Amino acid sequence: QVELVESGGGLVRPGGSLRLSCAASVSISGTAVMGWYRRAPGKERELVATVTSGGIRNYGDSVRGRFTISRDNAKNTVEMQMNSLKPEDTAVYYCHLRRRIPHLADFWGQGTQVTVAS
């Protein structure tokens, strides 16, 4: 099946930057939507950012203006640049792939830890 592998997480100071990457085991050059979600301790998983095959981006309210998602269809990867990080950004970040053809299906990576602390 589809395998998604995240990397780039780690410890960063408030106000710092981090870049996450996700490598897919299948082609993402079609109509699949790629994205990032996160789960903070004691909270439900929430949308961070998504990007369609056409380059349309969507961001959660809490990260808009600070995070930028992008995709490289040739490399089957999706990245997310995170700037001006805050302690409340601390969470496990999960890569996500959604495709509708032949049927609606969702795939998730194992997650990468991001910790923002001084």
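Treat the numbers as computed from the prediction; the structure is a model and nothing was measured.
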Note to self: Can you list everything that forms a side-chain hydrogen bond (donor to acceptor under 3.5 Å, both in side chains) with Gln113? Sequence neighbours excluded, please.
What the structure shows: Thr115
Note to self: Can you list everything that forms a salt bridge (charged side-chain N to carboxylate O under 4.0 Å, His left out) with Arg13? Sequence neighbours excluded, please.
What the structure shows: none
Checklist line | side-chain contact (heavy atoms from CB on, under 4.5 Å) involving Ile56 - partner list, sequence neighbours excluded | finding: Thr52
Checklist line | Selection residues 104-118 - residue pairs positive for salt bridge (Lys or Arg N to Asp or Glu O under 4.0 Å), sequence neighbours left out | finding: Arg98-Asp106
Notebook entry, point to check: Between Asn83 (side chain) and Ser17 (backbone), is there a donor-acceptor pair under 3.5 Å?
Noted result: no
Item checked: Parallel, tilted or perpendicular: ring planes of Tyr37 versus Trp108, cut at 30 and 60 degrees -> perpendicular
Margin query: Can you list everything that forms a salt bridge (charged side-chain N to carboxylate O under 4.0 Å, His left out) with Arg57? Sequence neighbours excluded, please.
Written below: none
Item checked: Other ILVMFWY residues reachable from Leu11 by side-chain steps of under 4.5 Å -> none
Notebook entry, point to check: Who pairs with Ser84 by side-chain contact (heavy atoms from CB on, under 4.5 Å), at least two apart in sequence or on another chain?
Noted result: Arg66
Checklist line | Those residues that, when tested against Ser118, pass side-chain contact (heavy atoms from CB on, under 4.5 Å) (two or more places apart) | finding: Pro14
Next item on the list: For Glu3, check salt bridge (charged side-chain N to carboxylate O under 4.0 Å, His left out) against everything at least two apart and list the hits.
Entry: none
Checklist line | Residues forming a side-chain contact (heavy atoms from CB on, under 4.5 Å) with Thr77, sequence neighbours excluded | finding: Ala23, Asp72, Lys75, Glu79
Checklist line | Partners passing ring-ring contact (aromatic ring centres under 6.0 Å, His included) against Tyr59 (at least two apart in sequence or in another chain) | finding: none
Check: Under the 3.5 angstrom rule, does the side chain of Ser53 hit a backbone N or O of Ser29 as a donor-acceptor pair?
Finding: no
Note to self: If I take atom CG from residue Asn73 and atom CZ from residue Arg71, how far apart are they, to the nearest 0.5 angstrom?
What the structure shows: 4.5 Å
Item checked: salt bridge (Lys or Arg N to Asp or Glu O under 4.0 Å) partners of residues 33-42, not counting sequence neighbours, each pair once -> Arg38-Glu46, Arg38-Asp89, Arg39-Glu44
Next item on the list: Output yes when a side-chain donor or acceptor of Glu6 lies under 3.5 Å from a complementary backbone atom of Gln110, and no otherwise.
Entry: yes
